[in-house]
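Report on the following structure.
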Amino acid sequence: LLFGANYSRTRTVRLTTTAASYQSQVQRPILYQQLLKKQGDKLLIMSLQGHIFFGSASSLFEAIKQAFEASKPEFAVLDFRLVTGIDSSAMLSITKIKQLAQSNQVHLVFTDLDLVLEKRLIAEVLGKAQGDHWNIFPDLDQGLSWCESQLLDRFESLGLVAKSGDIRKQWLDMLPRDDAHKTL
């Protein structure tokens, strides 16, 4: 009882941030870096820590629920690098997190799972169909990079593409001929 009481006071969420302030180490054109900073709230990043068990699992769910309500993300990266263990009641909370994500149309990304936990999550919570609602990556940087690419693909589909070469020429090509010569 003392262990449960004391350990449940430990924060399970070590850090909550977005891609507006933290991005992957992939080198991208400046235009893409600026777009990711401006649209960074669409990518929620939560670094988890400690042993997630019955005493801390509900606070994890509540923290994620509040973060979803506050920032309305499209992607939520849950980094397990500092998680030392997880029990069965925590798996129930992760099931609730998955359901919450699906109802809010948030794609879950799990990073830094140890092999045992990864197999357990797939078997008990996620199912085998990776890609539609969730993905697993070996580390935070790869997970962030994938999410960033998904966001940038949307910008590219709108015709906003960072190409090597003359940015001024790109703007001239995008503007109607008369306006391009007057403004630039």
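This structure is a prediction, so every number in the text was calculated from the model and none was measured.
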Inset, instruction - Just do the side chain to side chain contact (heavy atoms under 4.5 Å, CB included) check on K72 and V106 with the steps written out, would you? - result: CA-CA 8 Å; K72 308 276 189 256; V106 176; over 6 Å; no

Legend entry - Residue pair A67 / P73: nearest heavy atoms and the distance that separates them: O-CD, 4.3 Å

Legend entry - Side-chain touch Q25/L144, heavy atoms, less than 4.5 angstrom: no

Inset, instruction - Before giving the answer on side chain to side chain contact (heavy atoms under 4.5 Å, CB included), spell out for Q49 and S56 the whole-Å C-alpha distance, their side-chain angles and the decisive distance to 0.1 Å. - result: CA-CA 11 Å; Q49 69 180 359; S56 61; over 6 Å; no

Legend entry - Check: L108 and H133 side chains under 4.5 Å, non-hydrogen atoms: no

Inset, instruction - Would you mind reporting whether K119 and L115 have side-chain heavy atoms less than 4.5 Å apart? - result: yes

Inset, instruction - Please check if atom CZ in R14 has more than 12 non-hydrogen atoms from other residues, nucleotides or ligands closer than 6.0 Å. - result: no

Inset, instruction - Report the distance from atom CG of L121 to atom CD1 of I136, rounding to the nearest 0.5 Å. - result: 6.5 Å

Legend entry - N/O donor-acceptor pair under 3.5 Å between S71 side chain and F68 backbone: no

Legend entry - Spacing of CD belonging to E62 relative to OG belonging to S59, to within rounding of 0.5 Å: 8.5 Å

Legend entry - Side-chain touch Q142/C147, heavy atoms, less than 4.5 angstrom: no

Legend entry - Heavy-atom side-chain proximity of F110 to V77 below 4.5 angstrom: no

Inset, instruction - Check whether any side-chain N or O of D141 sits under 3.5 Å from a backbone N or O of S24 as a donor-acceptor pair, and report yes or no. - result: no

Legend entry - Aromatic ring pairing W146/F137, orientation class (parallel under 30°, perpendicular over 60°, tilted between): tilted

Inset, instruction - Please name the residue in the list L60, N104, L100 that meets the side chain to side chain contact (heavy atoms under 4.5 Å, CB included) test with K65. - result: L100

Inset, instruction - Give a yes or no on whether the backbone of T17 and the side-chain of S21 come within a donor-acceptor separation of less than 3.5 Å. - result: no

Inset, instruction - Kindly indicate, with the supporting measurements, whether the criterion side chain to side chain contact (heavy atoms under 4.5 Å, CB included) is fulfilled by V83 and H51. - result: CA-CA 6 Å; V83 172; H51 190 87; over 6 Å; no

Inset, instruction - Determine whether the side chains of D153 and Q150 contain a donor N or O and an acceptor N or O closer than 3.5 Å. - result: no

Legend entry - Any residue meeting side chain to side chain contact (heavy atoms under 4.5 Å, CB included) with K42, in chain and number order, not counting sequence neighbours: Q39, E74, L151

Inset, instruction - Say whether, by atom type as modelled, one donor and one acceptor occur between the side chain of K98 and the main chain of V125 under 3.5 angstrom. - result: yes

Legend entry - Hphob cluster co-occupancy, L126 + L92, side-chain heavy atoms under 4.5 angstrom: no

Inset, instruction - Indicate the atoms forming the closest heavy-atom contact of A90 with A57, along with that distance. - result: CA-CB, 3.6 Å

Inset, instruction - Return the minimal non-hydrogen interatomic distance between L82 and S47, and the atom names on each side. - result: CD1-OG, 4.4 Å

Inset, instruction - Report yes if some heavy atom in the side chain of T12 is under 4.5 Å from a heavy atom in the side chain of I52; otherwise report no. - result: yes

Legend entry - I122-M91 co-clustered via ILVMFWY side chain contacts under 4.5 Å: yes

Legend entry - From CD1 (I97) to CD1 (I64), nearest 0.5 Å: 3.5 Å

Legend entry - The single option from L44, L43, I45 passing side chain to side chain contact (heavy atoms under 4.5 Å, CB included) against F75: L43

Inset, instruction - For residues F80 and L117, determine if any side-chain heavy atom of one lies less than 4.5 Å from a side-chain heavy atom of the other. - result: yes

Inset, instruction - Please indicate whether E69 has more than 12 foreign heavy atoms, meaning atoms of other residues, nucleotides or ligands, lying under 6.0 Å from its CD. - result: yes

Inset, instruction - Apply side chain to side chain contact (heavy atoms under 4.5 Å, CB included) to D79 and M46, showing your working. - result: CA-CA 6 Å; D79 182 36; M46 297 183 92; over 6 Å; no

Inset, instruction - Please say which of Q34, Q33, Q23, E148 ends up in a side chain to side chain donor-acceptor pair (under 3.5 Å) with R28. - result: E148

Legend entry - Interatomic spacing from NZ in K37 to OG1 in T18 - rounded to 0.5 Å: 10.5 Å

